[in-house]
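To start, the structure under review is shown below, and the notes come after it.
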Amino acid sequence: MDEVLAPDAKQAINAARTFRDAHITPFADGIELRRETAISTLRLASQYGLLGLQVATTHGGGGLSAVATARVYEEIAEGCLPHAFSLEVHNNIASLVSRHATRAQQDRWLPRLLSGDAVAAFCLTEPSVGSDAAAIQCAADHSENDWVLNGEKAWVTNAAGADLFAVWAQTDVAAGWRGIAAFLVEREAKGLTVTDPYQLMGGHAMGTAGILLRDCRVRADGLISPPGEAFKVAMQGITSARIFVSAQCCGILKAGLERAISYASERKAFGRPVGSFQGLQWELVNVATQREAARLLAYRAAAAADKNLSATVEAAQAKKLQPPQRLAAW
Ligand SMILES: Cc1cc2nc3c(=O)[nH]c(=O)nc-3n(C[C@H](O)[C@H](O)[C@H](O)COP(=O)(O)OP(=O)(O)OC[C@H]3O[C@@H](n4cnc5c(N)ncnc54)[C@H](O)[C@@H]3O)c2cc1C
């Protein structure tokens, strides 16, 4: 597939491999064992041109297609999926600022997001609201020139070290999803508190934590997407995220498969490498075949997004085809 990609896409994919081999693969196991976050590694990605992958080149970004961006994340996830996911969330917010923010917001945040000086997080989910995102309860009340945010956000990737939070909140409960707006909130904003990082079964590099908003004042110019638009913007972001997570799963699965094949040739039973038994060969072949099928679904969805088609179904199908649990080792 890479052969047909544009030169800038090939360059980004090579940069992703170099970045992964230098800064991720050798350290990923230790970071997980120590339950550390990977925010400092995320900042380093700017040196490889990996921050703002889909931000327009006129804004200083990579201007890459969804297909090329998915390939970058697939390569990085081969070293560590949580690192790739952390990078993806940051880049999605950079794209959001590039596409939807005011000129003043872009001037303020894009240089910092692209240089890694500021790390970003996406705050939609709440402790009691996940899949049904239109039902969020975090409230945004207009007060003179400010907005006042009150509520809680949960499962915020990058929260442990993020400098900028894109927060979705309800301005008018009666309006349902049409009342939801999105705001840019700085970490230092009064009334914003980041909880301790979650203690998870794995994936601590993502620095996932909760956010508490208590009378958190955001100036009127912190509104990044108004009521009526913000929910649609969030859903588009989730569709992109589904495509990119699918590609990441294919990356980590490649690494898992290679490790399994290598071990099967070392491990001996009954005087032979276990990989020489047909029963095990069938299992490995099944995984390799499922991975190819998953890749086709992921890149079909990315190609649909690049044609500005609604990729909602394609993205959901790609993410639904989960890699075999036995090899998704994170
Ligand atoms: C590692 C990780 C990182 C995350 N990062 C972020 C982030 O950065 N920002 C953010 O905002 N959120 C983030 N999330 C939250 C994620 O988007 C939510 O977990 C997701 O929206 C599901 O919500 P929930 O966990 O509350 O599940 P629920 O909505 O409670 O759903 C639980 C289960 O109920 C069933 N169900 C629910 N609705 C339906 C339906 N309509 N049809 C059929 N079955 C249904 C399904 O089996 C579903 O799995 C993250 C989550 C994880 C695990």
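Just so you know, ligand 1 is whichever comes first in the structure, and atom 1 is the first atom listed for that ligand.
- For the 3.5 Å distance criterion, the side chains of H59 and S98 qualify, holding a donor opposite an acceptor.
- The nearest non-hydrogen atom to atom 24 (P) of ligand 1, considering only A121, S128, G130, comes from G130.
- In this comparison of S131, A135, S86, G237, the heavy atom closest to atom 38 (N) of ligand 1 sits on S131.
- Heavy-atom neighbours of R214 CZ from other residues, nucleotides or ligands within 6.0 Å: above the threshold of 12.
- Of all the listed residues (I211, L81, T157), T157 holds the heavy atom that lies closest to atom 5 (N) of ligand 1.
- Not a single heavy atom of K153 sits under 4.0 Å from any atom of ligand 1.
- Short contacts between ligand 1 and L124, defined as distances under 4.0 Å to a heavy atom of the residue, involve ligand atoms 11 (O).
- By the 6.0 Å contact criterion, CD on Q278 is open, its count of non-hydrogen atoms from other residues, nucleotides or ligands being 12 or less.
- Set against the non-hydrogen atoms of M206, the atoms of ligand 1 under 4.0 Å away are 1 (C).
- Counting non-hydrogen atoms of other residues, nucleotides and ligands closer than 6.0 Å to CG of N145 gives a total of 12 or fewer.
- Under the 6.0 Å cut-off for aromatic ring centres, W155 and Y198 qualify, their centroids lying closer than that.
- The aromatic ring centres of F122 and W168 sit less than 6.0 Å apart.
- Which parts of ligand 1 touch F122 is read off a 4.0 Å heavy-atom cut-off, strictly below it: atoms 7 (C), 8 (O), 9 (N), 10 (C), 11 (O).
- Between T125 and ligand 1, an N or O atom pair is found at a separation short of 3.5 Å.
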